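Have a look at the structure below, then the notes.
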Amino acid sequence: MQEPTLNIHSIETFGTHEGPGIRLVLFLQGCPLKCIYCHNPDTQEIKKNQIITLTEIQKLLEKQKPYFSKEGGITFSGGEPLLQAKSLIPICQELKNQGYHITIDTAGSILNDSVRELLNYVDLVLLDIKHADKKKYQKITKGSYQNFQNFLDYCEQKKKSIWLRYVLMPSYTDNKEDIKLIGEKFKDYSYIQRVEILPYRRSGIEKYKQLKIDYAYENIGEPNNKKLQEAKNILKNYFTTVHIR
Ligand code: SF4
């Protein structure tokens with residue numbers, strides 16, 4: 001049988017931001033959302049970039065294993081890793097059998113039979129909420145809020161642990177009422193273990209320039225500490241654990 005492979009953009013060894021502990025992070029190629037604040041526009045194209053096999057992933061994990069301690073493991077990020085759910089199933093199944101902690105970093109934009117099956121082998125979902133307001137969700141992405149909601153509901157039904165992540169971008173996602181809406185909508189989801197606020201960073205703009213893609217938000221600055229703290233305080237009214245990353 002042919003070995004399962006993934007189409008990846010890049011690899012980060014010893015990652016510390018994409019889930020608990022020290023992690024091997026694979027950034028998968030392809031994403032349909034095209035968010036206005038995307039930091040990695042070069043991951044969006046669904047083109048064949050770099051292929052990695054299960055055996056190669058296992059070798060990388062073997063090398064890193066001594067540093068994982070109780071928390072670490074592997075994270076499949078992107079792009080949108082759920083686009084490659086079918087290929088991820090046998091890979092995650094095998095890695096789970098070998099005892100690795102598996103995290104998926106996704107915007108929850110796809111829910112099909114492959115994604116449902118894949119979730120059986122996933123320990124933690126890092127779930128980006130782009131916006132809690134349906135119309136505004138569509139202003140900042142090319143996706144549908146309903147897909148996100150369906151994915152989140154499925155995770156809750158299957159008792160999947162979730163870290164909800166929210167990018168705070170001035171003028172687009174920093175409105176107090178919008179942040180309150182996240183709390184109101186999701187406070188009763190029992191499997192949301194924490195909420196992380198990710199400050200919008202302008203460092204991605206360079207990539208747009210290199211790729212010769214027009215970037216319409218060059219005049220938007222990064223959120224200041226006051227705004228970040230304000231968002232955190234609002235979310236703390238609804239969720240026990242809220243971090244600014
Ligand atoms: S979901 Fe992530 S990778 Fe996809 S466009 Fe949005 S920010 Fe970029």
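Counting starts at 1 for both ligands and their atoms, following the listed order. As the structure is a prediction and not an experimental result, all values here were calculated from the model.
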Taken by chain and residue number, the protein N/O/S atoms under 2.8 Å from atom 6 (Fe) of ligand 1 read C35 SG
We want to know whether Y145 and Q138 form a side-chain donor-acceptor pair, criterion being a heavy-atom distance below 3.5 angstrom. no
Decide whether H9 and N40 meet the rule of one side-chain donor and one side-chain acceptor closer than 3.5 Å. no
For atom 3 (S) of ligand 1, find the nearest protein heavy atom and state the residue, atom name and distance (0.1 Å precision). G79 N, 3.5 Å
If you count the non-hydrogen atoms of other residues, nucleotides and ligands that lie under 6.0 Å from NZ in K134, is the total more than 12?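 At most 12 heavy atoms, drawn from other residues, nucleotides or ligands, come within 6.0 Å of this atom.
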Just to verify, what does A107 make a side-chain contact (heavy atoms from CB on, under 4.5 Å) with, not counting sequence neighbours?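 A107 satisfies side-chain contact (heavy atoms from CB on, under 4.5 Å) with L33, E80, D128, K130 only.
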Which residues satisfy the side-chain contact (heavy atoms from CB on, under 4.5 Å) test with N112, sequence neighbours excluded?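 Residues passing side-chain contact (heavy atoms from CB on, under 4.5 Å) with N112: I110, S114, V115.
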If the condition is ring-ring contact (aromatic ring centres under 6.0 Å, His included), which residues does Y172 pass it with, not counting sequence neighbours?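 With neighbours one apart ignored, the set is Y217.
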